[in-house]
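Residue numbers start from 1 in every chain, and the chains themselves are labelled A, B, ... in the order their sequence lines are given, proteins ahead of strands.
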Amino acid sequence: MTRVVALAAVLLALVAPLSAQTGTADQLRRARELYEGLEFERAMPLLRQVISPQWPHAVSNAERVEAYLYLGAALVLAGRADSGVTYFRAALQRDPFSDLDAQRFTPLQLQTFARARRETFALGARPVAVTRVDPRTQRVRFTIVTTHDARVLAQLRRRDSTAVTLLDGTVSGVQEVAWDGLLADGHLAPPGRYEMVIIGRSSTRQQTDSARVFFGLRHEVEPLEDTLPAHAPGELLPERRSGWSAAGELAKGLGVAAGVLAISSALSSSELDAERGPAVVVAGAAALTGVVAMIARAANPVIAENVAANQRRETERRTQNDTIRTRNADRIARTVLLLAPAAGTAP
Amino acid sequence: MVTLAHAATAPAQTLTVAALLESTEHRVDVGFGVERSSGLLGGARIGATLAPRVHLGLTALGGRFTRDSSNAEDRDVAELRADAGYRALPWLTFLTGVRTRTYTAPIARQRWTALQIGAEARVALLDGHIDGVGRFLLLPLVSVSDLEQPELAFTAAAGMDYHLGPLTVGVWYALERYDFPARDGVTRREQLSGLGLEATLQVLQF
């Protein structure tokens, strides 16, 4: 039994908002049917109920604007054009994109609505739709509107106060504003949250108005390659010889000298003996060479071949990195912008 | 009588020519005391590196030994040598070759022919601008006019090579020794030793 009660409570909780929405929509639908049946006097009370603060159901801005428009249209047909203008203005103030379909409304209604436009100054911008734009060939398009002629400044702003002016001119009615995806410095706009602000001053009524829409911007770009890191010290060849290297040169010279003396003594026939003079000369030359080599090595321990090899490796690394950067730049140049609407009150 | 013939220092295919000068002392004992003679030998060598590890060479030497002891005699000397080497390691080259030498005295001529097998080792100083060189060759087959095959025959040498661009200057000490089997209680021994100079020029690289 407890389960049944709980289930019923859940169902009621789900149905209540639905019925609230349905209540306003039904009311508007009935009002439209009466209006189209030329029963204006019966339609108007229904419409007034929708815009009344006592109306118990939720009313969206679009529903409220529709109620204002039909009320204004009904009042015009009832011969109360001034009142009609009031409701038309109310609709325009809530939604500057409001308009009457010329196929469904009379010339008098259209004229009255045009008068409401002239007497009301409002401007608006359509929310940004989810959009995918290749900035090389396409443009991001924003739709703005003014109720009548106005001087309008449209700017894109970022959190860091970067601003791009998209429009600075006169606008009357609906107008598209195109953006090439670049910032003022010519670079592609970075990912982030943006705000498009439009500020307008009426050309006829000394009134100003502003509107703004928020959107998020993302980049769709092929994964970039990492550049090659700098060589770690252990990856490069040693460029200087150790202190033992000089001693090694001396040891080699003395080793050859010893070999010469060994040949002339140990390998020669003891019975024949051998003249020692030439061996001493060559051994002396070898030992002297070792000493000179040791001194030269100590004076210049730099390993020129290794220095050159390390420089070649570094040059190759830089060349490869330049190539990688070029490829990455190509990929970045093919970046696609992804726009999506965003909520908020600041960029 | 032994030259340090630059076994295979050149890494590419090369052609070299060289001039040689040897101050050689010859000693021989045939049972009547040591006969000593000496002289300068001059000659030339042409070498070719046919592959990165293989070289061939041909050397010709000639000169005259004059007697330094009363029991010796003056002789003309001529020698022709062909050798080949295989560089097994950067510092080690295996060598083989044949040599023929002729001593010509007023009353006789003697020909020596030998097969040589051995190795040469090099140590580089100052990044290869100088090489210390040692060489040992056995002569397992030696043919000497009117003499038996020696029981022991070898040559050994050590010295330095100084590389100056395409020119290499070498200085070395060499010893060549032959011990013959005893005959009638007498053992014949011969030995040549001396100092050699060689200037080698790389004339072609291809």
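Residue A:Arg331 places its CZ atom among more than 12 non-hydrogen atoms of other residues, nucleotides or ligands, all under 6.0 Å distant. Around the CZ atom of A:Arg318, the shell of radius 6.0 Å holds no more than 12 heavy atoms that belong to other residues, nucleotides or ligands. Under a cut-off of 6.0 angstrom, the local environment of CG in A:Asp185 is crowded, with over 12 non-hydrogen atoms contributed by other residues, nucleotides or ligands.
Listed by chain and number, the residues in a salt bridge (charged side-chain N to carboxylate O under 4.0 Å, His left out) with A:Arg126 amount to none (sequence neighbours excluded). Under the salt bridge (charged side-chain N to carboxylate O under 4.0 Å, His left out) criterion, A:Arg313 pairs with no residue, sequence neighbours left out. Judged as a salt bridge (charged side-chain N to carboxylate O under 4.0 Å, His left out), and not counting sequence neighbours, the contacts of A:Asp168 are A:Arg151.
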A:Val282 vs B:Leu195, side chain to side chain contact (heavy atoms under 4.5 Å, CB included): CA-CA, chis, key distance, verdict: CA-CA 7 Å; A:Val282 175; B:Leu195 184 149; 3.8 Å; yes
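Of the atoms belonging to B:Ile130, it is side-chain heavy atoms, and not backbone ones, that fall under 4.5 Å from chain A.
The shortest heavy-atom contact between A:Val260 and B:Gly159 is CG2-N, 4.4 Å. Closest non-hydrogen pair, B:Gly194 versus A:Pro278, comes out as C-CB, 4.0 Å.
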Once you leave out hydrogens and angles, what donor-acceptor pairs under 3.5 Å do chain A and chain B share?
| from | atom 1 | to | atom 2 | distance (Å) |
| --- | --- | --- | --- | --- |
| A:Arg241 | NH2 | B:Asp127 | OD1 | 2.2 |
| A:Arg241 | NH2 | B:Asp127 | OD2 | 2.8 |
| A:Glu249 | OE1 | B:Leu126 | N | 2.6 |
| A:Lys252 | NZ | B:Ala124 | O | 2.6 |
| A:Leu267 | O | B:Arg177 | NH1 | 2.9 |
| A:Ser268 | O | B:Arg177 | NH1 | 3.4 |
| A:Ser269 | N | B:Gln191 | OE1 | 2.7 |
| A:Glu271 | OE1 | B:Arg189 | NE | 3.4 |
| A:Leu272 | O | B:Arg27 | NH1 | 2.8 |
| A:Asp273 | O | B:Gln191 | NE2 | 2.8 |
| A:Glu275 | N | B:Glu25 | OE1 | 3.4 |
| A:Thr289 | OG1 | B:Tyr162 | OH | 2.5 |
| A:Arg297 | NH2 | B:Asp127 | OD1 | 3.3 |

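Using a 4.5 Å cut-off on side-chain heavy atoms (C-beta onward), A:Ile263 and B:Phe136 make no contact.
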